[in-house]
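Order of the sequence lines fixes the chain letters, A, B, ..., with proteins taken first and strands second; residue numbering starts at 1 for each chain.
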Protein chains: 2
Amino acid sequence: MAGHSQPVYLKLRDLIAAGIIDGTFPEGAMLPSVRALAAEQGANPLTVAKAYQQFQLDGLVEVQRGVGMFVARGAAERLRRSEREAFLANEWPQIRARMERLGLVAKDLLTT
Amino acid sequence: MAGHSQPVYLKLRDLIAAGIIDGTFPEGAMLPSVRALAAEQGANPLTVAKAYQQFQLDGLVEVQRGVGMFVARGAAERLRRSEREAFLANEWPQIRARMERLGLVAKDLLTT
DNA sequence: CATGCTGTTTGACTGCCATAATACAGCGCG
DNA sequence: CGCGCTGTATTATGGCAGTCAAACAGCATG
C-alpha cells in the first residue's frame, strides 16, 4: 500500500523540522525515539528512521547509539535558514508563475 | 529511467493546461497530436495520451477519432476557474503555513 | 549480567511510472 | 480504394520509491 499524495517519511520529516524550529524540540533535547514516534503516528519504525536520517546527515541531530537522538546546537537557526533558502529558490518561483497564470495576485491573498 | 521529482505525464498535463489557458491553444483549435507531442517532448506516445486523457474526462478537449483533439468551448475559462479553486483550497493554505513557520513575510516576496 | 530501552541493518514485497513493439480503429483526401 | 494521418488498446518489460517485518547492535541501569 503506497498510494499517498505525499510520502509518509516526508510528512514525518516536516513534522520533526517544525518541532525543531518552533521549539517543541529545544536544542540539546532528546527527540522522540524511532519506535515511539512510529507508534504515535501509526507508521513503521523504519519509515521514521528514514525521516530522521536526513537530519543526521546534515548534522542537525546527533545520534548516541543505544541512547537516543538529540537536537544539535544551532539546529533551529540553521534549519530555518536552509528551509527559507530552499523555499525561495525552488518553490516560490513556481508558485508565482502558477499564480500569474491563474490570474491570482499575492497581495489579495496575503491581506486575508 | 523513472527517477523524476514530478511524473512526466503530469508535466505534460501542466504544459497543455498552460497552453489552453494562455491562448497558445485557442478554443476550437486542434491540439498537438499524441505522436507529435511525444516526439517534440521526447516522451512516449502512451505517456502523452495519458496526459490528454484527464482533459477528455473533464470535457475540456473533444476527440474526433481519426482526426484529432480539439479545445472545447469555454475550456480556458473553466480550466482557469477550477485550477484557481484547487490552488486556493489545497496548496495555498499549506504555503501560507509554511511561510509563517519560516518567518517569511509578503513584503519580501512581492518584489517583482 | 539481564532486561529494556535506544538506533541500524538486511531482505523482500508492492505499486506506480515509463517504455517498447504491435496491432487495431476512424477519418479525409487524392 | 489506398495512403497517411488521427486516437486507442494490448501486452510485456524495466526501474525506482515507499513500506514493512525481523533480526542485529549499542548503551544504561537495577
Side-chain angles (χ1 to χ4, degrees), chain A residues 1-17 19-20 24-72 75 90, chain B residues 1-17 19-20 24-73 75:
Chain A
M1 292 206 280
H4 305 70
S5 56
Q6 168 130 332
V8 175
Y9 82 96
L10 282 184
K11 286 181 189 169
L12 294 172
R13 185 206 153 280
D14 275 14
L15 192 71
I16 299 160
I20 292 179
T24 302
F25 306 134
E27 306 192 2
M30 176 173 162
L31 290 159
S33 82
V34 168
R35 290 177 179 81
L37 189 54
E40 177 190 321
Q41 294 293 325
N44 189 288
L46 205 91
T47 304
V48 176
K50 186 172 183 180
Y52 273 129
Q53 201 165 5
Q54 319 228 343
F55 295 112
Q56 305 176 30
L57 297 175
D58 296 342
L60 293 168
V61 306
E62 282 158 4
V63 179
Q64 289 186 32
R65 200 173 194 198
V67 181
M69 307 175 72
F70 301 83
V71 181
N90 306 327
Chain B
M1 294 215 286
H4 308 71
S5 55
Q6 170 132 326
V8 175
Y9 82 97
L10 283 184
K11 286 182 189 168
L12 294 172
R13 186 207 152 279
D14 275 12
L15 192 71
I16 299 160
I20 292 179
T24 302
F25 305 135
E27 306 193 0
M30 177 175 162
L31 290 158
S33 81
V34 168
R35 290 178 179 83
L37 188 54
E40 178 189 321
Q41 294 293 326
N44 189 289
L46 252 166
T47 304
V48 175
K50 185 172 183 179
Y52 273 129
Q53 200 165 4
Q54 319 229 340
F55 294 113
Q56 304 175 29
L57 296 176
D58 295 340
L60 293 168
V61 306
E62 282 158 3
V63 179
Q64 288 186 32
R65 202 172 190 195
V67 181
M69 306 175 73
F70 300 84
V71 182
R73 282 208 318 133

Protein-nucleotide distance ([X], atom [atom1]; [N], atom [atom2]), rounded to Å:
{"X": "A/L37", "N": "C/dG7", "atom1": "CG", "atom2": "P", "value": "10 Å"}
{"X": "B/L12", "N": "C/dT19", "atom1": "CG", "atom2": "P", "value": "9 Å"}
{"X": "A/L31", "N": "C/dT6", "atom1": "CG", "atom2": "P", "value": "12 Å"}
{"X": "A/I16", "N": "C/dG7", "atom1": "CD1", "atom2": "P", "value": "11 Å"}
{"X": "A/Q6", "N": "D/dG18", "atom1": "CD", "atom2": "P", "value": "10 Å"}
{"X": "B/L10", "N": "C/dC16", "atom1": "CG", "atom2": "C1'", "value": "12 Å"}

What string of B, S and - do you get for nucleotides 25-30 of chain C 5' to 3' if you count protein non-hydrogen atoms under 4.0 Å? SBS---

Please list every donor-acceptor pair under 3.5 Å in which a side-chain atom of residues 55-73 of chain B meets a protein atom from a residue at least two apart or in another chain.
none

Would you be so kind as to tabulate the donor-acceptor pairs closer than 3.5 Å made by side chains of residues 36-52 of chain B, with sequence neighbours excluded?
{"residue": "B/N44", "atom": "OD1", "partner": "B/L46", "partner atom": "N", "Å": "2.8"}
{"residue": "B/Y52", "atom": "OH", "partner": "B/P32", "partner atom": "O", "Å": "2.7"}

Considering all heavy atoms, the nearest A/K11-A/Q6 contact: CE-O, 3.4 Å

Supply the atom-to-atom distance A/I20 CD1 to A/L15 CG, rounded to the nearest 0.5 angstrom.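 It is 10.5 Å, given to the nearest 0.5 Å.
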
A/Y9 vs A/Q54 side-chain heavy atoms within contact, under 4.5 Å: yes

For DNA chain D, determine which residues of residues 38-55 of chain A have any heavy atom closer than 4.0 angstrom to one of its atoms, and list them numerically.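 The stretch gives A/N44, A/L46, A/T47, A/K50 as the residues lying under 4.0 Å from the strand, ordered by number.
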
